[in-house]
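Report on the structure given below.
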Amino acid sequence: MRDFDIVIVGGGPAGMAAAISAREQGIENIVIFERDSELGGILNQCIHNGFGLRTFKEELTGPEYAERYADKVRDMNIPYETDTMVLDISKDRVVTILSRKRGVEEIRAKAVILAMGCRERPRGALNIPGFRPQGVYTAGTAQKLVNCEGYVPGKEVVILGSGDIGLIMARRMTLEGAHVAAVAELMPYSSGLKRNIVQCLDDFGIPLLLSHTVVDIKGKEKLEGVVIAEVDSTNTPIAGTEQFYPCDTLLLSCGLIPENELSKNCGITLDPRTNGPVVDEGLETDIDGVFACGNVLHVHDLVDFVSEESARAGESAAAFVKRGCTPDDTAAIKVVPKNGVRYTVPAEIHTSDLLGDVHIRFRVTGVFKDCSVVIKAGEEELVRRKNRILVPSEMLDIIIKKDKLAGVNCDITAEIEEV
Amino acid sequence: MTRDLICINCPMGCEMTVEVENGKVISVSGNTCKRGEIYAESEISNPTRTITTTVISAEGRPVPVKTAQPVPKDKISECTAAIKAAEIHLPVKVGQVIIDDLLGTGSQVTVTKTVQ
């Protein structure tokens, strides 16, 4: 049985940043397991630009951002094994892996970092009526086909959901010669970034139909078209507003789900709001020595945030190994989301033994204009930050200084105050 | 005349109001940083975009590429067609230039991923 200090599950941006940071903390015996044949994760298929402004102060494409981290992993001689699938993680951190080279193998880890990312909600999770014809894809699948395999899945396209991947695929399919008839969005606002609506839809005259959804899929063997209807404030389709859009391709961009099958089997408690593990300020789950970061923890909008968060997970895992794998038994306070804050990561903080300032990351429940984000411990205000506009598609990052938290021993709250 | 623009430089997507007179920008508000101002200026006078796409190599593999400098917005489709027509052979390295001056726009087209 091979032994490692830190095993990292996933070689995408989260896994690579965690590995680099753990190595920088002096942990030598690390390994990254990646099920794909190369490092980089989903960044390899995100060939559009807009990555890395915070990290590198320049605008990179996904593969460029990934390659910088992969180069660093190789420069630091951090071992990684590709084409390797992690099948199971036990509570005492025995990791079962499967690879063509070594077959099924059990590995002992002092600490494990979960960095498996997320996946898109497929049609089955959306309950759209109709047959199951060929031609219905998640936007990410289409992205992989077009950008990595070189196949364009169709010519006449409708997109359901205005998530960033859907918006970006609207542009991508257009550049590849397809016609995108419309993007339908159930909510009265887009769930994608504003810049993507401008440069992926507006630039190409692609209509965004807010408060609309697909109510029927036509075609049995092959997709023939979809029926789009307007919905009311309870998201119920309004009779009489149905319109038929002939198409050969329907792309679904209806939200991302953290990929937590391994975490569930390990017995890690998940937060029903994020679908990711409940973690403390060191991003440690409720299983000692198992940490989580990146999109498996909560879905991010910026990879720069993923890298930063994962570096902290690497640092915490390194600290856990260095102190002899003893769990942090000090009492933790809870972080309670209130008025307009949907969830927070972390959900709890050990205030007595902080490694550094604490990042509180969250999303809001709706659109808020001219408001403040307020973090309080009881009646005492720890942080207040003004915002012109907050939207659910943007992840917020509020930093509480280490010394502000030092004496706090009651739960803290995070909320939105409208002016 | 005022125009409402959304800055596309970074994911913040600042909502800006631009005061325009005779095609010239008089003032910009709502931006968080200098880049917003520069974007507003260029969006009013000469809107440009970065193109990212793939070129299928002679060996049959798609290679991701980008315009190293943004090109005029109204030339996106011509430029994309010209990029698609480029001939490349593996291996390629990230940063490698495959077109030096794309349709006279002055923009280089570079490879964005090392492919062996």
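Residue A:I389 touches chain B through its side chain alone, counting heavy-atom pairs closer than 4.5 Å. Looking at B:S77, there are no atoms closer than 4.5 Å to chain A (heavy atoms on both sides), in backbone or side chain. If you measure heavy-atom distances from A:E59 to chain B, the contacts under 4.5 Å come from both the backbone and the side chain.
The contact list for residues 57-72 of chain B toward chain A, using heavy atoms and a distance under 4.5 Å, reads B:P62, B:P64, B:K66 by residue number. Among the residues in residues 15-42 of chain B, those with a non-hydrogen atom closer than 4.5 angstrom to a non-hydrogen atom of chain A are B:E15, B:G30, B:R35, B:Y39. Residues of residues 164-175 of chain A having a heavy atom under 4.5 Å from any heavy atom of chain B, listed by number: A:R172, A:L175.
The heavy-atom pair separating B:T52 from A:N49 by the smallest distance is CG2-N, 3.8 Å. For the pair A:R195 and B:I8, the tightest heavy-atom approach, listed with the atom from each and the gap, is NH2-O, 2.7 Å.
Distance NZ/B:K113 to OG1/A:T61: 10.0 Å, rounded to 0.5 Å.
Among the candidates A:D304, A:N196, A:N147, A:L60, the residue making the largest number of heavy-atom pairs closer than 4.5 Å to chain B is A:N147.
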Practice task
Could you check B:R49 against A:V198 for side-chain contact (heavy atoms from CB on, under 4.5 Å), going step by step and ending with a plain yes or no?
Solution key: CA-CA 11 Å; B:R49 297 288 185 266; A:V198 173; 4.2 Å; yes

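Proximity of a side-chain donor or acceptor of A:E64 to a complementary backbone N or O of B:V94 within less than 3.5 Å is not detected. In this structure, A:K194 contributes its side chain and B:G13 its backbone to a donor-acceptor pair below 3.5 Å.
The salt bridge (Lys or Arg N to Asp or Glu O under 4.0 Å) pairs that include a residue from residues 82-109 of chain B are A:E176-B:K84, where partners are two or more places apart or lie in different chains.
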